[in-house]
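Each remark here refers to the structure printed beneath this line.
What you are looking at is a predicted structure, and each value in this text was computed from that prediction instead of being measured.
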Amino acid sequence: MKKIMTTILLTLALSAGLSAQRVSISTNFADWAQLGTVNLALGVGISQHFSFQAGAKYNPWQFENEKQNMDLYIKQQCYHAGFRYWPWYVNSGWWLGLKGQYRKFSDTGIWRPAIEKVSAAGAGFSFGYDIMLGKHFDIELGAGVWGGKYLDYTLHKCKDCMEVRESGSRLFFGADDVIVSLVYIF
(Lines give C-alpha, C1' and ligand atoms only; values in the text may rest on other atoms or scores of the structure.)
Protein backbone atom coordinates (compact mmCIF):
# COMPACT_ATOMS: atom_id res chain seq x y z
CA MET A 1 0.00 0.00 0.00
CA LYS A 2 2.89 2.38 0.75
CA LYS A 3 4.17 1.92 -2.81
CA ILE A 4 0.75 2.77 -4.28
CA MET A 5 0.38 5.89 -2.11
CA THR A 6 3.95 6.97 -2.95
CA THR A 7 3.22 6.54 -6.66
CA ILE A 8 0.01 8.57 -6.42
CA LEU A 9 1.69 11.38 -4.44
CA LEU A 10 4.66 11.44 -6.81
CA THR A 11 2.31 11.61 -9.79
CA LEU A 12 0.40 14.50 -8.22
CA ALA A 13 3.64 16.36 -7.50
CA LEU A 14 4.96 15.87 -11.02
CA SER A 15 1.65 16.86 -12.60
CA ALA A 16 1.47 20.24 -10.85
CA GLY A 17 2.97 22.02 -13.87
CA LEU A 18 0.90 20.27 -16.53
CA SER A 19 -1.51 22.24 -18.68
CA ALA A 20 -5.29 21.96 -18.56
CA GLN A 21 -7.01 18.78 -19.72
CA ARG A 22 -4.09 16.64 -18.49
CA VAL A 23 -5.18 15.69 -14.96
CA SER A 24 -8.46 13.96 -14.12
CA ILE A 25 -10.18 12.47 -11.12
CA SER A 26 -13.05 10.02 -11.39
CA THR A 27 -15.41 7.77 -9.47
CA ASN A 28 -17.15 4.66 -10.81
CA PHE A 29 -20.91 4.44 -10.18
CA ALA A 30 -20.87 0.69 -10.94
CA ASP A 31 -18.55 0.19 -7.95
CA TRP A 32 -20.78 2.32 -5.74
CA ALA A 33 -23.68 0.03 -6.74
CA GLN A 34 -21.65 -2.95 -5.51
CA LEU A 35 -22.79 -2.55 -1.88
CA GLY A 36 -21.36 0.97 -1.62
CA THR A 37 -17.75 0.40 -2.67
CA VAL A 38 -15.97 3.75 -2.27
CA ASN A 39 -13.62 4.37 -5.20
CA LEU A 40 -11.46 7.07 -6.68
CA ALA A 41 -9.07 7.16 -9.63
CA LEU A 42 -6.51 9.70 -10.77
CA GLY A 43 -5.45 10.12 -14.39
CA VAL A 44 -2.47 12.13 -15.60
CA GLY A 45 -1.84 12.75 -19.30
CA ILE A 46 1.82 12.10 -20.12
CA SER A 47 1.51 12.78 -23.86
CA GLN A 48 -1.21 13.37 -26.43
CA HIS A 49 -2.04 9.64 -26.60
CA PHE A 50 -0.97 8.18 -23.23
CA SER A 51 -2.08 8.68 -19.64
CA PHE A 52 -1.05 7.21 -16.30
CA GLN A 53 -3.94 5.92 -14.15
CA ALA A 54 -3.94 5.01 -10.45
CA GLY A 55 -6.80 4.31 -8.11
CA ALA A 56 -8.21 2.57 -5.09
CA LYS A 57 -11.44 0.92 -3.96
CA TYR A 58 -12.56 0.33 -0.39
CA ASN A 59 -15.65 -1.31 1.06
CA PRO A 60 -16.01 -1.89 4.83
CA TRP A 61 -19.82 -2.25 4.86
CA GLN A 62 -21.83 -5.22 6.06
CA PHE A 63 -25.59 -5.68 5.61
CA GLU A 64 -28.04 -8.10 7.22
CA ASN A 65 -29.64 -10.60 4.82
CA GLU A 66 -32.69 -11.98 6.61
CA LYS A 67 -33.69 -14.23 3.70
CA GLN A 68 -30.54 -16.38 3.96
CA ASN A 69 -30.08 -15.64 7.70
CA MET A 70 -26.57 -14.28 7.24
CA ASP A 71 -24.74 -11.02 6.66
CA LEU A 72 -24.16 -9.77 3.13
CA TYR A 73 -20.89 -8.03 2.35
CA ILE A 74 -18.18 -7.50 -0.23
CA LYS A 75 -15.42 -6.13 1.98
CA GLN A 76 -12.43 -5.14 -0.10
CA GLN A 77 -9.31 -3.10 -0.58
CA CYS A 78 -8.08 -2.74 -4.14
CA TYR A 79 -5.16 -0.73 -5.52
CA HIS A 80 -4.24 -0.39 -9.19
CA ALA A 81 -1.88 1.58 -11.41
CA GLY A 82 -1.31 1.48 -15.15
CA PHE A 83 -1.43 3.25 -18.49
CA ARG A 84 -4.05 4.04 -21.11
CA TYR A 85 -3.65 4.57 -24.84
CA TRP A 86 -6.01 7.14 -26.42
CA PRO A 87 -6.08 7.07 -30.27
CA TRP A 88 -7.38 10.67 -30.53
CA TYR A 89 -6.09 12.44 -27.44
CA VAL A 90 -6.16 11.99 -23.65
CA ASN A 91 -9.64 12.15 -22.07
CA SER A 92 -11.46 11.95 -25.39
CA GLY A 93 -13.06 9.02 -27.18
CA TRP A 94 -11.81 5.42 -27.21
CA TRP A 95 -9.07 4.09 -24.94
CA LEU A 96 -7.25 0.83 -24.14
CA GLY A 97 -5.72 0.26 -20.73
CA LEU A 98 -3.17 -2.00 -19.02
CA LYS A 99 -2.74 -2.09 -15.25
CA GLY A 100 -1.20 -3.91 -12.34
CA GLN A 101 -3.53 -4.59 -9.44
CA TYR A 102 -3.57 -5.88 -5.86
CA ARG A 103 -6.88 -6.81 -4.30
CA LYS A 104 -7.81 -8.19 -0.91
CA PHE A 105 -11.43 -9.07 -0.33
CA SER A 106 -13.87 -11.11 1.67
CA ASP A 107 -17.42 -11.64 0.48
CA THR A 108 -20.49 -13.69 1.20
CA GLY A 109 -21.70 -13.67 -2.37
CA ILE A 110 -25.15 -12.54 -3.29
CA TRP A 111 -26.41 -15.81 -4.79
CA ARG A 112 -24.70 -18.35 -2.52
CA PRO A 113 -24.25 -18.52 1.26
CA ALA A 114 -20.51 -19.34 1.07
CA ILE A 115 -17.80 -17.02 2.39
CA GLU A 116 -14.81 -16.31 0.15
CA LYS A 117 -11.58 -14.70 1.41
CA VAL A 118 -8.93 -13.75 -1.15
CA SER A 119 -5.78 -11.72 -1.60
CA ALA A 120 -4.66 -11.53 -5.23
CA ALA A 121 -2.15 -9.76 -7.45
CA GLY A 122 -2.07 -9.57 -11.22
CA ALA A 123 -2.47 -7.57 -14.39
CA GLY A 124 -5.53 -6.36 -16.23
CA PHE A 125 -6.71 -5.14 -19.61
CA SER A 126 -9.61 -2.73 -20.09
CA PHE A 127 -11.20 -0.72 -22.86
CA GLY A 128 -13.77 2.02 -23.02
CA TYR A 129 -15.03 5.29 -24.36
CA ASP A 130 -15.12 8.76 -22.80
CA ILE A 131 -18.10 10.92 -23.70
CA MET A 132 -17.22 14.59 -23.32
CA LEU A 133 -19.99 16.49 -21.54
CA GLY A 134 -18.16 19.80 -21.46
CA LYS A 135 -14.77 21.34 -20.78
CA HIS A 136 -14.37 19.67 -17.38
CA PHE A 137 -16.69 16.65 -17.30
CA ASP A 138 -16.74 13.26 -19.05
CA ILE A 139 -18.81 10.13 -18.65
CA GLU A 140 -16.62 7.07 -19.05
CA LEU A 141 -18.03 3.70 -20.14
CA GLY A 142 -15.93 0.55 -20.27
CA ALA A 143 -15.13 -2.97 -19.12
CA GLY A 144 -12.09 -4.94 -18.09
CA VAL A 145 -10.63 -8.34 -17.23
CA TRP A 146 -7.69 -9.34 -15.09
CA GLY A 147 -5.69 -12.38 -14.19
CA GLY A 148 -2.88 -13.33 -11.90
CA LYS A 149 -2.36 -15.34 -8.77
CA TYR A 150 -4.47 -15.81 -5.68
CA LEU A 151 -1.81 -15.30 -3.03
CA ASP A 152 -4.14 -16.63 -0.38
CA TYR A 153 -7.53 -18.15 -1.20
CA THR A 154 -10.10 -19.68 1.16
CA LEU A 155 -13.70 -20.63 0.40
CA HIS A 156 -15.79 -21.52 3.44
CA LYS A 157 -18.93 -23.62 3.00
CA CYS A 158 -21.02 -21.41 5.30
CA LYS A 159 -20.67 -18.74 7.97
CA ASP A 160 -21.84 -20.88 10.89
CA CYS A 161 -19.72 -23.98 10.27
CA MET A 162 -16.76 -22.20 8.61
CA GLU A 163 -15.88 -25.53 6.97
CA VAL A 164 -13.19 -24.93 4.35
CA ARG A 165 -14.35 -26.03 0.88
CA GLU A 166 -11.22 -24.83 -1.00
CA SER A 167 -7.98 -23.13 -0.01
CA GLY A 168 -4.48 -22.40 -1.22
CA SER A 169 -2.76 -20.44 -3.91
CA ARG A 170 -3.59 -20.69 -7.61
CA LEU A 171 -3.80 -18.82 -10.90
CA PHE A 172 -7.01 -17.08 -11.98
CA PHE A 173 -8.53 -15.07 -14.84
CA GLY A 174 -11.86 -13.29 -14.92
CA ALA A 175 -13.98 -10.17 -15.24
CA ASP A 176 -12.74 -7.20 -13.26
CA ASP A 177 -14.49 -3.95 -14.05
CA VAL A 178 -17.72 -2.56 -15.34
CA ILE A 179 -17.04 1.14 -15.75
CA VAL A 180 -19.69 3.88 -15.61
CA SER A 181 -17.64 6.76 -14.24
CA LEU A 182 -18.03 10.48 -13.81
CA VAL A 183 -14.72 12.14 -14.66
CA TYR A 184 -13.68 15.66 -13.65
CA ILE A 185 -10.85 17.08 -15.79
CA PHE A 186 -8.70 19.91 -14.40
Side-chain angles (χ1 to χ4, degrees), residues 1-12 24-47 49-62 72-87 90 94-112 114-130 140-157 164-181 183:
M1 181 166 156
K2 288 182 182 179
K3 289 180 183 179
I4 298 292
M5 294 307 294
T6 302
T7 302
I8 291 172
L9 291 174
L10 183 60
T11 302
L12 284 171
S24 66
I25 191 164
S26 65
T27 188
N28 187 356
F29 295 120
D31 284 335
W32 284 98
Q34 188 182 37
L35 298 181
T37 300
V38 178
N39 66 91
L40 196 62
L42 171 73
V44 178
I46 54 179
S47 75
H49 298 289
F50 289 94
S51 65
F52 171 78
Q53 306 287 323
K57 300 177 188 179
Y58 181 67
N59 188 332
W61 321 121
Q62 185 167 320
L72 178 64
Y73 57 85
I74 303 175
K75 294 182 179 183
Q76 69 172 307
Q77 296 178 45
C78 180
Y79 309 98
H80 60 87
F83 295 92
R84 285 187 179 173
Y85 170 72
W86 305 78
V90 171
W94 294 103
W95 54 265
L96 299 172
L98 292 174
K99 67 180 176 181
Q101 181 168 274
Y102 172 78
R103 185 175 178 200
K104 183 175 183 178
F105 71 94
S106 174
D107 72 12
T108 54
I110 295 175
W111 310 113
R112 68 186 191 315
I115 297 174
E116 188 174 36
K117 295 180 181 179
V118 176
S119 63
F125 169 78
S126 57
F127 63 94
Y129 189 84
D130 271 29
E140 184 172 273
L141 305 173
V145 295
W146 82 304
K149 186 171 185 177
Y150 286 143
L151 305 173
D152 185 23
Y153 178 82
T154 306
L155 179 64
H156 297 278
K157 193 170 187 174
V164 175
R165 189 184 308 171
E166 293 179 50
S167 68
S169 169
R170 64 179 184 185
L171 299 177
F172 72 93
F173 181 80
D176 179 38
D177 279 328
V178 172
I179 303 166
V180 182
S181 294
V183 181

Between the side chain of Asn28 and the main-chain N/O of Val178, is any donor-acceptor distance below 3.5 Å?
yes

Using a distance-only test with no angle check, is there a side-chain donor-acceptor pair under 3.5 angstrom linking Arg103 and Gln76? yes

(request) Could you tell me whether the side chain of Phe105 reaches within less than 4.5 Å of the side chain of Cys78, counting heavy atoms only? (result) no

(request) Would you check if Phe172 and Tyr153 make a side-chain contact, meaning some heavy-atom pair closer than 4.5 Å? (result) no

| So do Ile25 and Leu40 actually touch side chain to side chain, heavy atoms under 4.5 Å? | yes

### Query
Any side-chain heavy atom of Leu96 within less than 4.5 Å of one from Phe127?
yes

Closest heavy-atom pair, Val90 versus Ser47, reported as atoms and distance to 0.1 Å, is CG2-O, 3.2 Å

Closest non-hydrogen atoms of Asn59 and Gln34, given as atom of the first, atom of the second and distance, are ND2-O, 3.3 Å

Main chain of Lys117, side chain of Thr154: is a donor-acceptor contact present, judged purely on distance under 3.5 Å? no

Exercise: do Trp32 and Thr37 side chains pair donor with acceptor under 3.5 Å: no

- Query: Got a donor-acceptor contact below 3.5 angstrom from the His80 side chain to the Lys99 backbone?
  - Reply: no

(Q) I want to check something: taking the side chain as every heavy atom from C-beta on, are Glu140 and Trp95 in contact at a cut-off of under 4.5 Å? (A) yes

(message) If you apply the rule side-chain hydrogen bond (donor to acceptor under 3.5 Å, both in side chains), what do you find for Asp177 with Ser126, and how did you get there?
(response) CA-CA 8 Å; Asp177 279 328; Ser126 57; 5.8 Å; no

| said: Between Gln62 and Lys75, do the side chains contain a donor N or O and an acceptor N or O under 3.5 Å apart? | reply: yes

Notebook entry, point to check: Please walk me through it: do Phe50 and Tyr85 pass side chain to side chain contact (heavy atoms under 4.5 Å, CB included)?
Noted result: CA-CA 5 Å; Phe50 289 94; Tyr85 170 72; 3.5 Å; yes

_Any heavy-atom pair between the side chains of Tyr79 and Gln101 that's under 4.5 Å?_
no

Original post:
Are the side chain of Trp94 and the backbone of Pro87 linked by a donor-acceptor contact shorter than 3.5 Å?
Top reply: no

Is the closest basic N to carboxylate O distance between Asp152 and Arg170 below 4.0 Å? no

* Hey, mind stepping through Glu116 and Ser106 against side chain to side chain contact (heavy atoms under 4.5 Å, CB included) and telling me if it holds? -> CA-CA 5 Å; Glu116 188 174 36; Ser106 174; over 6 Å; no

With the side chain counted from C-beta on, respond yes when Tyr102 and Leu151 share a heavy-atom pair under 4.5 Å apart, and no when they do not.
-> yes

Rounded to the nearest 0.5 Å, the CD atom of Gln53 sits from the OG atom of Ser26 at a distance of 7.0 Å

message = I'd like to know whether the aromatic ring centres of Phe83 and Phe52 sit less than 6.0 Å apart in this structure.
response = yes

Smallest heavy-atom separation, Trp146 atom then Ala120 atom, equals CH2-CB, 3.9 Å

